[in-house]
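Input: a single structure, listed below in structure tokens.
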Amino acid sequence: MHLGVVACGQRLEETMTMVKSAVFLSSKPLSLHLFAEDQLHVSFIKALESWPASVRRRFNYTIYPITFPSDNAAEWKKLFKPCASQRLFLPLILKDVDSLVYVDSDILFLHPIDELWAFLSAFNSSQMVAMAPEHEEPRLAWYNRFARHPYYGRTGINSGVMLMNMTRIRDAYFKNDMTSVELRWEELLMPLLQKYKLNITWGDQDLLNIIFHHNPEYLLEVPCQWNYRPDHCIYGSNCVSAEEGGIYILHGNRGVYHDHKQPAFRAIYEAIRQYPFGEDPVSSVLAPLEEELLKTTHTYCGKSHALFTKALAHSLANVNRHRNNPHKQ
């Protein structure tokens with residue numbers, strides 16, 4: 001399984017917490033592809049190498065510089081957030097990697113990445129990317145109310161979690177609204193930016209929405225529990241799959257892990273960040289977390305606190321089982 005993330009600016013701790021959640025809960029070994037600004041490389045190596053050997057055995061990692069096509073590097077780098085558009089070029093940079101889970105640095109796995117990876121085998125012969133919708137409730141959705149460009153489906157897609165069959169992306173031709181000729185991925189990106197750069201708000205996510213608006217057969221839509229954001233609870237719970245099975249991936253966008261606007265999100269982040277490897281995860285993560293979440297019930301997201309620990313409790317119980325029976329998967 002391959003996991004990719006891009007880290008720029010003050011994202012070291014946040015990225016390390018994401019990686020911690022992925023490695024800790026995964027069943028199979030992980031290959032981590034970490035794209036970071038040069039000044040962060042040494043800090044990432046020190047942080048990853050400081051983890052216990054028993055944890056380090058479960059993943060390998062490669063750290064890459066941030067790179068954009070030289071002709072337009074400055075334009076790509078400043079799109080939306082620093083370095084965020086790097087994700088668009090991963091199929092072209094990681095030429096020897098067949099498939100990859102890309103996540104933003106503000107993602108936390110509350111469920112094994114293995115089960116997201118399993119969607120690859122659910123792809124039909126044309127699908128090459130899996131993403132969750134931007135919104136479940138059209139009355140609250142951004143794209144169908146404000147977008148000045150085409151977008152996927154009813155409410156658009158969120159690119160914070162992307163499962164990609166990159167071989168298929170590299171081999172595919174994409175319909176578009178710039179020419180009657182279908183274009184390869186590397187031919188498509190720059191003309192798309194030039195056409196829409198004055199009309200896009202969310203940077204590369206908007207470009208992905210435009211691409212899959214014209215090529216919906218290439219995309220598998222996964223339930224919102226795989227990319228659960230404050231939008232799913234700040235006006236009351238509106239993610240049905242999370243209500244049924246719990247939250248599988250938490251996406252703390254808009255900096256909610258680091259302020260006090262959404263204390264339920266911050267509580268999850270702090271519980272995983274502070275967890276010392278080797279301790280019993282149920283008693284050192286789950287029990288104090290459930291207590292902390294009870295203090296957040298004055299917020300709409302806090303009222304849904306049971307969703308935040310439902311899948312995580314099951315995942316941590318599995319971690320404990322494997323710790324106690326290391327040879328029994």
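No donor-acceptor pair closer than 3.5 Å links the side chain of K303 to the backbone N or O of G236. With S126 contributing its side chain and E217 its backbone, the two residues share a donor-acceptor pair below 3.5 Å. In this structure a side-chain-to-backbone donor-acceptor pair under 3.5 Å is missing from N60 to P29. A donor-acceptor pair is defined here as one N or O able to donate and one able to accept, closer than 3.5 Å; no such pair exists between the side chain of E14 and the backbone of R11. A donor-acceptor contact shorter than 3.5 Å links the side chain of N158 to the backbone of G160.
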Residue pair C233, C239: steps toward the disulfide (SG to SG under 2.5 Å) verdict: CA-CA 8 Å; C233 53; C239 175; over 6 Å; no

Working note: I211 + Y218, criterion side-chain contact (heavy atoms from CB on, under 4.5 Å); need CA distance, chi angles, decisive distance, verdict. CA-CA 10 Å; I211 291 169; Y218 289 168; over 6 Å; no

Tell me, with the steps shown, if F109 and F24 meet ring-ring contact (aromatic ring centres under 6.0 Å, His included). CA-CA 9 Å; F109 289 89; F24 184 51; over 10 Å; no

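Side chains of Q225 and H111: no donor on one and acceptor on the other come within 3.5 Å. S26 and D114 share no donor-acceptor pair across their side chains, judged by distance under 3.5 Å alone. Under the 3.5 Å distance criterion, with hydrogens and angles disregarded, no donor-acceptor pair is assigned to the side chains of Y257 and D259. In this structure, a donor-acceptor pair under 3.5 Å is present between the side chains of E13 and Y269. Residues N176 and H214 have side chains that never bring a donor and an acceptor to within less than 3.5 angstrom of each other.
Between W117 and H2, the ring planes are tilted. Angles from 30° to 60° get that label. Between W226 and F119, the ring-plane angle classifies as perpendicular under the 30° and 60° cut-offs.
Surrounding NE2 of H314 are at most 12 heavy atoms belonging to other residues, nucleotides or ligands under 6.0 Å away. At most 12 heavy atoms of other shown residues, nucleotides or ligands fall within 6.0 angstrom of atom CD in Q10. Atom CD of E291 has 12 or fewer heavy atoms from other residues, nucleotides or ligands within 6.0 Å.
A cation-pi arrangement is present between R184 and Y173, with the terminal nitrogen or guanidinium carbon under 6.0 Å from the aromatic centre and inside a 45° cone about the axis. The cationic atom of R56 (NZ for Lys, CZ for Arg) lies less than 6.0 Å from the six-membered ring centre of F59 and within 45° of the ring axis.
Pairing each heavy atom of S159 with each of Q205, the nearest pair is N-OE1, 3.0 Å. Listed here is the closest heavy atom pair of L90 and L100: CD1-CD2, 3.7 Å. Residues W185 and L88 approach most closely at NE1-O, 2.8 Å, considering heavy atoms. Counting all heavy atoms, side chain and backbone alike, R266 lies closest to V256 at CB-O, 3.9 Å. When every heavy atom of N209 is checked against every heavy atom of G156, the shortest pair comes out as OD1-CA, 3.2 Å.
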